[in-house]
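Just the heavy atoms: all of them, side chains too, but no hydrogens, waters or symmetry mates, feed the values below.
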Number of protein chains: 2
Amino acid sequence: MMGCEKVGTRERILETAIDLFAMKGFNDVSIREITKAVGIKESSLYNHFASKQQMLDEIFEYLSKQFESRSVSEEEAVRHIEGLNPTEFMEMCLMNFNMYFGEPKLMKIWRILSIERFRNERANDFFTKQLIDTPLTYQSAVFEAMMKKGLIKEGDPKALARAFYSFMLFIYLRYFEVGHQDNPAANEELREMLKAHINFFTGAIAKYIL
Amino acid sequence: MMGCEKVGTRERILETAIDLFAMKGFNDVSIREITKAVGIKESSLYNHFASKQQMLDEIFEYLSKQFESRSVSEEEAVRHIEGLNPTEFMEMCLMNFNMYFGEPKLMKIWRILSIERFRNERANDFFTKQLIDTPLTYQSAVFEAMMKKGLIKEGDPKALARAFYSFMLFIYLRYFEVGHQDNPAANEELREMLKAHINFFTGAIAKYIL
DNA sequence: GTCTATACTTCGATAGAC
DNA sequence: GTCTATCGAAGTATAGAC
């Protein structure tokens, strides 16, 4: 009788699971809790997913595919960034932040990863690679190219990348990882902090006034 | 018959709980698991602790008291740091790192906090305050004092503190928060990274060659 | 203070009617 | 594809003998 909307039940389950996992973590959310929120019985869920674990796997798979589809080569990254002035560079940083955390669904999955990485080695590897190591590699390549072109002072590009990018991790750790914020008022404050950060770096590494 | 060592059972339980909670998180460790590791029956544990939650509360209480006993005022911090040369300053940073994470027991409790802060608002508040906000305040006060004395370039001390201290959070997030490391070989690498970081900052903010 | 035994709850998952 | 009903396992915690 109510089965007229059978299309979408699977997706509704998955969206609900993402919401709940992001709030409480995979282990602290029960099948009963998910199905109650969706409005179905526990047993019905198993017509769509073989196990609770499979739901988590699909969620991580989704994030992984998002990154595959959006990834660019280091060469492209260098070409895009090395010629920018400070203001344009800041906008680029904000865009990157938005690519990672701008969409609520992706943000929630990052939170799930942040929680699961303590229990799951694969989750930790993905988290470390995508959120830390890969961005550092790109950032280092960009700084190295800028040094070779004489745009910024000579130095250790890896150390410079760590110093610059650490701030992004600080923002994530302090304002994004634990989900009690979601207030748009803080956005302007974050933007000001990023501006101040880039101002500092511009002054610190500029060979000439950019 | 074996009751000859009744002194210490409570402490053994607590130490075992810290070990297990740090590895798997509070919720993923059962009373059965703890008591089995200690070598007692489940019911015996309740002669020492009223509940599982009380054990966690005591663990956090312990960390909290450690910080109370070691805390110094901002004025003291400024006096200690503002006159240091870069090498001395680096040693100071390493000492601070060791104060937070040098003792295995404290390191484990930080890991428990890292996990619990997603489920427990008080844990998150403590984590945020002790690991991020308070150190940033101190660091900012130090930079502000150095600016006033003309030791470093004028600028926004808060932004400078964020830029400098973010690196410490990067190290924690990347190498300490998830406990799969514990290899002393990486220590030298971390020391090199810290040295490079301080070198970069020294060059960036020094008014004169220090 | 430790033991045996057990109460009570919640969990993930399954069987089978419709 | 959803339901009712239920299973077996694992969780926290308690009662009472020793």
Side-chain angles (χ1 to χ4, degrees), chain A residues 1-61 109 112 115-116 118-123, chain B residues 1-61 112 115-116 118-120 122-123:
Chain A
M1 210 179 194
M2 296 291 283
C4 54
E5 43 177 22
K6 59 181 167 183
V7 175
T9 300
R10 195 176 197 280
E11 281 68 26
R12 277 163 55 219
I13 293 173
L14 216 45
E15 295 299 319
T16 305
I18 289 173
D19 282 344
L20 293 171
F21 291 162
M23 286 191 290
K24 307 166 63 177
F26 178 73
N27 268 12
D28 286 11
V29 176
S30 67
I31 297 287
R32 285 169 170 78
E33 204 172 347
I34 297 171
T35 54
K36 188 177 178 182
V38 174
I40 59 174
K41 295 296 172 184
E42 295 102 90
S43 54
S44 299
L45 183 142
Y46 291 92
N47 279 316
H48 303 283
F49 299 94
S51 69
K52 192 187 174 191
Q53 183 61 42
Q54 194 204 327
M55 300 174 64
L56 187 63
D57 293 340
E58 283 204 27
I59 290 169
F60 288 159
E61 189 62 29
I109 300 178
I112 299 172
I115 301 172
E116 285 309 300
F118 294 98
R119 304 191 314 114
N120 182 329
E121 195 172 355
R122 280 186 51 237
Chain B
M1 211 177 192
M2 297 290 284
C4 54
E5 43 177 22
K6 60 182 169 182
V7 174
T9 300
R10 193 176 198 279
E11 281 67 27
R12 276 163 55 220
I13 294 173
L14 216 45
E15 295 299 318
T16 305
I18 289 173
D19 282 344
L20 293 172
F21 291 162
M23 286 193 288
K24 307 167 64 176
F26 177 72
N27 268 12
D28 285 12
V29 176
S30 68
I31 298 286
R32 292 191 221 285
E33 205 172 347
I34 297 171
T35 54
K36 188 177 178 183
V38 173
I40 58 174
K41 296 296 172 183
E42 296 102 273
S43 55
S44 300
L45 183 141
Y46 290 93
N47 278 315
H48 302 284
F49 299 94
S51 68
K52 192 187 173 191
Q53 182 61 42
Q54 194 205 325
M55 299 174 65
L56 187 63
D57 292 341
E58 283 204 26
I59 290 169
F60 288 158
E61 190 62 29
I112 299 172
I115 301 172
E116 285 308 301
F118 293 99
R119 303 190 316 111
N120 182 328
R122 279 185 53 237

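Taking the side chain as every heavy atom from C-beta outward, A:T9 and A:H48 approach each other to under 4.5 Å.
Taking atom CZ of residue A:F26 and atom P of nucleotide C:dG12, one finds them 8 Å apart after rounding to whole Å. When the C1' atom of D:dT14 is taken as reference, atom NZ of B:K52 falls 17 Å away, rounded to whole Å. The distance from atom CD of A:E42 to atom C1' of D:dG8 is 16 Å, rounded to the nearest whole Å. The CD atom of B:E33 sits 12 Å away from the P atom of D:dA10 (whole-angstrom rounding). Rounded to whole Å, the distance from NE2 on B:H48 to P on C:dG1 is 6 Å. The CG atom of B:L45 sits 13 Å away from the C1' atom of D:dT14 (whole-angstrom rounding). Rounded to an integer number of Å, the gap from A:K36 NZ to D:dC3 P is 14 Å. Going from atom CD1 of B:I31 over to atom P of D:dG11 covers 10 Å, rounded to whole Å.
A salt bridge is defined here as a Lys NZ or Arg NE, NH1 or NH2 lying under 4.0 Å from an Asp or Glu carboxylate O, and A:E15 with A:R10 fails to meet this definition. Ion pairing between B:K36 and B:E42 fails under the 4.0 Å rule for side-chain N and carboxylate O.
Checking C:dA5, C:dA15, C:dA13 against the side-chain heavy atoms of A:S43 singles out C:dA15 as nearest. You'll find that the side chain of B:Y46 is closest to D:dA13, out of D:dG1, C:dA13, D:dA13.
When heavy atoms are screened at a 4.0 angstrom cut-off, B:V38 is found touching no nucleic acid atom at all.
Here B:R32 does not reach the OP1 or OP2 of D:dA10: none of its side-chain N or O atoms lies under 4.0 Å away. For C:dG1, neither phosphate oxygen OP1 nor OP2 lies less than 4.0 angstrom from any side-chain nitrogen or oxygen of B:S44. For D:dC3, neither phosphate oxygen OP1 nor OP2 lies less than 4.0 angstrom from any side-chain nitrogen or oxygen of A:K41. In this model, the phosphate group of D:dG11 is approached by a side-chain N or O of B:S30 to a distance below 4.0 Å at OP1 or OP2.
The distance from the CD1 atom of B:I115 to the CG atom of B:N27 is 10.5 Å, given to the nearest 0.5 Å.
Between the B:E116 side chain and the B:I112 main chain, no donor and acceptor come within less than 3.5 Å of each other.
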